[in-house]
J.: 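Quick one: this structure, given as structure tokens, is what I'll be asking you about.
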2 protein chains.
Amino acid sequence: MISNKNNNISSRSMGRVTLADVAEKAGVSPITASRALKNPQQVSEKLRTKIYDAVNELGYIPNHAARSLASSETKIISVIFPSLSNAVFPDVLDGIHDTLAPAGYRILLANTHYETDQEEILVRTLLEQNPDGIIVTGIDQNENTRKLLLGSKTPVVQIMELTDFPIDMNVGFSHFQASYDLVRHLQNAGYKKIGFIGARMDPRSQRRMEGYKHAMQEIGISNNDYVLTNQSHTSFKLGAKLFNQLFTQFSDLEAICFSNDDLAAGAMFECSRKGIRVPEDISIAGFNDLDFAEELTPSLTTVSIPLYEMGKKAAEYLLHKIVNRTNPDSLQYDVSYKVVERKSTYTDFS
Amino acid sequence: MISNKNNNISSRSMGRVTLADVAEKAGVSPITASRALKNPQQVSEKLRTKIYDAVNELGYIPNHAARSLASSETKIISVIFPSLSNAVFPDVLDGIHDTLAPAGYRILLANTHYETDQEEILVRTLLEQNPDGIIVTGIDQNENTRKLLLGSKTPVVQIMELTDFPIDMNVGFSHFQASYDLVRHLQNAGYKKIGFIGARMDPRSQRRMEGYKHAMQEIGISNNDYVLTNQSHTSFKLGAKLFNQLFTQFSDLEAICFSNDDLAAGAMFECSRKGIRVPEDISIAGFNDLDFAEELTPSLTTVSIPLYEMGKKAAEYLLHKIVNRTNPDSLQYDVSYKVVERKSTYTDFS
DNA sequence: CTGTTAGCGCATTCAG
DNA sequence: CTGAATGCGCTAACAG
């Protein structure tokens, strides 16, 4: 008699319907039932319908843990972000989700709150799930984390920025170059005294600042006093505060680049409150091109990033490697960026 | 000889280090090794250190699937949101994450994109993981989804709003009442001709609109022409567009309530572009009190919701039920809300 | 196309 | 405090 022990429900079994129950009801062996669900074409139509009927009647729901244990495939992708309140990540996550969900993969999400130690702990925890793939933010994992990831044999995509030494695959763009380009653009438009305001100063903000500094050095106006950074979490309020701090001290500044749109918008709100005219009195530029950027008055000059596409591409890389067990054509993908000039920096210097 | 078959690595095994390997190396039985990891105080210190050493030397990472299968505990909480781009959800998710992560639980995230059919599919998929708990958004699950959830015996929390017929537990607030209160507040301040603009019109936007309508009926100014809704996804741009549509037609409107802050801000941006004065020419109110609300010029009157706390509370309810196997003191928790009056509706009618 | 056998890695009994 | 036996539910491998 084919049967599991559900007859005399043990305390261990949840009393749930198992594949064996389905098989029994359909009068087939468990493995046939299994195949009918995973590779329907391998099972005759007659048995298939019988099995499907049994599934529906019994309300069978597969047990994922058992499936994973037997097949060593979990259909889980782990995603590690430094933050969710930062509006860029939900967009990236959407791209990831929309690509993975249709392929039957689920997302295990974790949040480091921008703490590198947390990252190591989270990677360790997430690896216990044997995810079929992992997406991590940035390229600055510590040595232990890298080792863990490498040793896990799990496909990994580092996203948001590019590195010459990826753990595995890599999808992003150069924050340094993007920021550099933005500043050069302003310089070409005639700006000379340009400041930089950044918060949180995670690795990517850091590199955006470096891009700014590099551009300023190139035209020989490298003044560290024009740079103001802060370790606090980014916010509109903080943008306002830092703007006041810098602009009060250096009212001769012609433009200020902010490490992100939130800070920039916060500054613009402050200008609006104080009657400071943008761009006449001070020009302002952001980074990310969040959706409010072009709606502000004046509209905000910034750098546009294809966030959703970045998530999508990362997920595609992962799927490719999981399904084909081979690397995609290239291990690295540059999603690029675009400097978007708007009215917040439109000044006629002639 | 205690050993698993890793000596002659089969194609099924991943060749990974197992608990048996650790046990062998430490010279103990697998179960002792298991206990050393889960309930250290049950194992003598001598053996414990031996086992820990073995774990570190071998780089052992527990296999979650095996653990789940044996213990029928997954340490996974499934979370279903209708959207991530909507800024309210990342905040809620943060509250959930920050409560669950320290307790050793992981979050499996899914996104319905506001489609109810998707929800059923996702619930079905997520149930395969045997999550220890589930958090779903809203109270409008379809009959199948309810049945699935109920049948799963898994603790469930419905969040964002309140219902008299919860599936299990329920954490949220009354959108109807919150919106009603906001409108009453405006009415008490002297406003009579108040409009309503909503987008997407998911169940919660719907109920906010009902709250508005109810308040308007009470003072006998119920004019459906003053209501403009749209099924598109919410955005700043759409706020501007809908505002134009309504205000062009009814320039006698004194105030407009928007179903969320994004739309309201979009309208304010449009006003700023067109030189329409807020609140002198038209007053504007939002909903949610996102962080930009008080930074706008004028600052935005809105309804403040404790999003992070809502997520936290939902997670706590879940943990309570999982750990104690009993219901929390109450199955329902009202996180409440607060009407926040700011300058965008400050008009002197005297 | 279908079935048999065996085992994935761990934790729950129940014994000592 | 430690261990032996057993099974969680499913699927890979090999037959037939």
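Labels below follow one simple rule: chain letters A, B, ... track the order of the sequence lines, proteins then strands, and each chain is numbered from 1.
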J.: Could you verify whether a donor N or O on one side chain and an acceptor N or O on the other, from A:Asn170 and A:Gln158, lie under 3.5 Å apart?
T.: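 Distance-only check fails for A:Asn170 and A:Gln158.
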
J.: In this structure, how many angstroms lie between the P atom of C:dG9 and the CG atom of B:Leu58, rounded?
T.: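 Result: 14 Å.
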
J.: Quick one: A:Arg67 CZ to D:dC8 C1', roughly how many Å, whole number?
T.: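 The answer, rounded to whole Å, is 16 Å.
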
J.: Would you mind telling me which of D:dG9, C:dT2, C:dC10 lies closest to the side-chain atoms of B:Leu19?
T.: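 Selected nucleotide: C:dC10.
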
J.: Quick one: B:Lys50 NZ to D:dT2 P, roughly how many Å, whole number?
T.: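 From B:Lys50 NZ to D:dT2 P: 10 Å.
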
J.: Is the shortest side-chain heavy-atom distance between A:Leu37 and A:Tyr52 below 4.5 Å?
T.: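 Sidechains of A:Tyr52 and A:Leu37: in contact.
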
J.: In whole angstrom, what separates A:His64's NE2 from C:dC8's C1'?
T.: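 Nearest whole value for this atom pair: 14 Å.
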
J.: Once you round it to whole Å, what is the distance between P of D:dC10 and CG of A:Asp21?
T.: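 A:Asp21 atom CG is separated from D:dC10 atom P by 9 Å.
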
J.: Just compare D:dC10, C:dT12, C:dG9 and give me whichever is closest to any side-chain atom of B:Ser71.
T.: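 Minimum distance to the B:Ser71 side chain belongs to C:dT12.
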
J.: If you compare every side-chain N and O of A:Ser72 against the phosphate oxygens of C:dC8 (OP1, OP2), does one of them come in below 4.0 Å?
T.: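 Answer no for this pair, as no side-chain N or O of A:Ser72 is under 4.0 Å from OP1 or OP2.
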
J.: Do A:Asp132 and A:Thr74 meet the criterion of a side-chain donor-acceptor pair at a distance under 3.5 Å?
T.: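 Yes.
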
J.: Side-chain atoms of residues 99-109 of chain A: list all donor-acceptor pairs with protein atoms under 3.5 Å, sequence neighbours left out, distances to 0.1 Å.
T.:
from     : atom 1 : to       : atom 2 : distance (Å)
A:Thr99  : OG1    : A:Gly95  : O      : 2.7
A:Arg106 : NH1    : A:His64  : ND1    : 3.3
A:Arg106 : NH2    : A:Gly104 : O      : 3.1

J.: Check every strand shown and say whether B:Ile31 touches a base, only sugar-phosphate, or nothing at a heavy-atom separation below 4.0 Å.
T.: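 Result for B:Ile31 = base.
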
J.: Side chains of B:Tyr317 and B:Asp168: donor-acceptor distance under 3.5 Å anywhere?
T.: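 Note: B:Tyr317 and B:Asp168 side chains miss the donor-acceptor criterion.
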
J.: Give a yes or no answer on whether the side chain of B:Asn142 reaches the backbone of B:Asn144 with a donor-acceptor pair at less than 3.5 Å.
T.: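 Yes, because the side chain of B:Asn142 sits within donor-acceptor range (under 3.5 Å) of the backbone of B:Asn144.
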
J.: Ignoring hydrogens and geometry beyond distance, is a side-chain donor-acceptor pair present between A:His113 and B:Asp98 at under 3.5 Å?
T.: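 Indeed, the side chains of A:His113 and B:Asp98 share at least one donor-acceptor pair under 3.5 Å.
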
J.: Send over the distance from B:Glu128 CD to D:dT11 P, rounded to a whole Å.
T.: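 B:Glu128 atom CD is separated from D:dT11 atom P by 10 Å.
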
J.: Nearest-Å distance, CG (B:Leu69) to P (C:dG7)?
T.: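 Rounded to whole Å, this separation is 17 Å.
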
J.: Near DNA chain C, under 4.0 Å by heavy atom, which residues of residues 34-48 of chain B?
T.: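 B:Ser34, B:Lys38, in order of number.
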
J.: Without decimals, in angstroms, what is the distance between B:Ile61 CD1 and C:dG9 C1'?
T.: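 Going from B:Ile61 (CD1) to C:dG9 (C1'), I get 14 Å.
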
J.: Which nucleotide sits closest to the side chain of A:Ala70: D:dA4, C:dA11, D:dT11?
T.: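 Selected nucleotide: D:dT11.
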
J.: Could you check A:Ala66 against B:Gly27 and say which one's nearest nucleotide on DNA chain D is further toward the 5' end?
T.: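 This one resolves to B:Gly27.
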
J.: Using a cut-off of less than 4.0 Å, is there contact between a side-chain N or O of A:Thr18 and OP1 or OP2 of D:dG9?
T.: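 Indeed not, no polar side-chain atom of A:Thr18 lies that close.
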
